[in-house]
Amino acid sequence: MRSLRALSLDLDDTLWPIEPAIAAAEATLHDWLLARLPAVAAAWPPPAMRELRARIARHCPEIAHDFSAQRRLSLAHALRACGSDEAQAEPAFEVFFCARNRVALYEDALPALTRLSALLPLASLSNGNADLARIGIDAHFAVQVSAREAGVAKPDARIFSALCQRLHCAPAQVLHVGDDPLLDVAGARDAGLQAAWLNRAGGDWPGPGAAPALVFRDLGELADWCAARLGAD
Ligand SMILES: [Mg+2]
């Protein structure tokens with residue numbers, strides 16, 4: 001059996017559902033703009049702001065891995081287009097970012113983090129820009145790696161290499177778990193890590209490649225598996 005020395009977890013849609021948090025953050029930002037910069041709010045309602053961010057991401061590949069930079073640039077562009085003070089981009093970003101981190105953890109997440117972090121070093125590995133300290137769960141993680149800091153995003157093997165270096169582990173000693181078949185499972189597998197799919201919806205494996213040997217319905221199942229594997233709980 002392969003040795004297991006550390007566990008890496010994806011964040012968005014693994015520890016919490018991301019779409020409701022983003023939608024709420026967009027609405028919060030819109031309310032803030034309505035109160036302070038109504039012309040900007042009228043010109044850039046949430047769907048337009050979302051499309052603008054996507055357009056900026058396509059046109060600026062150098063920040064494809066950095067959602068915070070994309071949001072800041074979007075806000076600066078929206079303000080400039082309305083003749084408003086671009087300096088408002090930073091407080092506007094802070095309003096969005098604060099709301100984006102008000103996530104609702106899946107029910108199984110916190111009990112599993114408590115059990116898992118007592119068993120072995122935990123790492124977070126995310127393409128998103130969540131702030132674990134703001135969310136209040138950073139104490140469970142020995143290491144945090146984001147695409148923003150690493151300069152590349154999953155499934156690029158380099159971000160998995162950076163993770164293993166931070167953990168002082170060989171890739172084969174690390175199990176990465178996440179919801180995304182390509183970004184998490186295929187990415188980790190191609191970089192030489194052990195990989196597990198978090199399949200909350202219970203769907204069929206869509207690829208790429210063969211289904212992983214390890215599939216969990218929730219993080220409680222993952223904690224059970226790790227406890228049995230490591231002979232403790
Ligand atoms: Mg995810």
Side-chain angles (χ1 to χ4, degrees), residues 6-26 50 53-54 57 64-68 70-71 97 99-110 112-113 116-117 122-138 140-141 143-160 162-164 166-167 174-191 193-209 211-212 214-223 225-226:
L7 180 67
S8 162
L9 292 171
D10 170 53
L11 298 177
D12 294 333
D13 289 331
T14 290
L15 297 188
W16 54 76
I18 187 58
E19 184 54 34
I22 295 293
E26 289 172 341
R50 194 176 272 221
R53 189 201 60 74
H65 59 281
D66 188 342
F67 285 102
S68 294
Q70 292 169 21
R71 293 270 175 207
F97 192 61
R100 182 256 187 266
N101 283 297
R102 283 197 289 271
V103 297
L105 295 170
Y106 289 115
E107 259 181 33
D108 51 279
L110 206 48
L113 286 177
L116 289 166
S117 60
L122 280 192
S124 65
L125 181 64
S126 177
N127 284 357
N129 56 0
D131 184 327
L132 296 183
R134 289 192 193 217
I135 293 168
I137 56 171
D138 56 315
H140 292 292
F141 292 88
V143 164
Q144 300 177 31
V145 175
S146 69
R148 181 160 191 247
E149 293 156 352
V152 287
K154 295 180 290 186
D156 192 306
R158 288 173 291 177
I159 195 170
F160 290 95
L163 166 80
C164 295
R166 293 273 308 278
L167 284 165
V174 179
L175 171 63
H176 176 71
V177 183
D179 68 288
D180 193 294
L182 172 65
L183 303 183
D184 293 308
V185 179
R189 204 156 50 183
D190 291 348
L193 284 74
Q194 301 176 52
W197 185 33
L198 183 64
N199 181 17
R200 289 188 180 277
D204 293 333
W205 171 252
L214 289 175
V215 180
F216 301 109
R217 274 304 283 271
D218 59 37
L219 297 172
E221 277 190 6
L222 168 65
W225 181 87
C226 285

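Atoms within a ligand are numbered from 1 in the order they appear, just like the ligands themselves.
Using a 4.5 Å heavy-atom threshold, the side chains of Asp184 and Trp197 count as separate. For the pair Ser117/Phe141, no side-chain contact is recorded, criterion being any heavy-atom separation below 4.5 Å from C-beta on. Using a 4.5 Å heavy-atom threshold, the side chains of Asp218 and Tyr106 count as separate. Side-chain atoms of Leu219 and Leu15, non-hydrogen and from C-beta on, do get closer than 4.5 Å to each other.
Looking only at its N/O/S atoms, Asp179 has OD1 as the one nearest to the Mg ion (ligand 1). Closest approach between the Mg ion (ligand 1) and any N/O/S atom of Asp10 involves OD2.
Residue side and main chain included, Asp13 places no N/O/S atom under 2.8 Å of the Mg ion (ligand 1). Under 2.8 Å from the Mg ion (ligand 1) lies an N/O/S atom of Asp12, whether from backbone or side chain.
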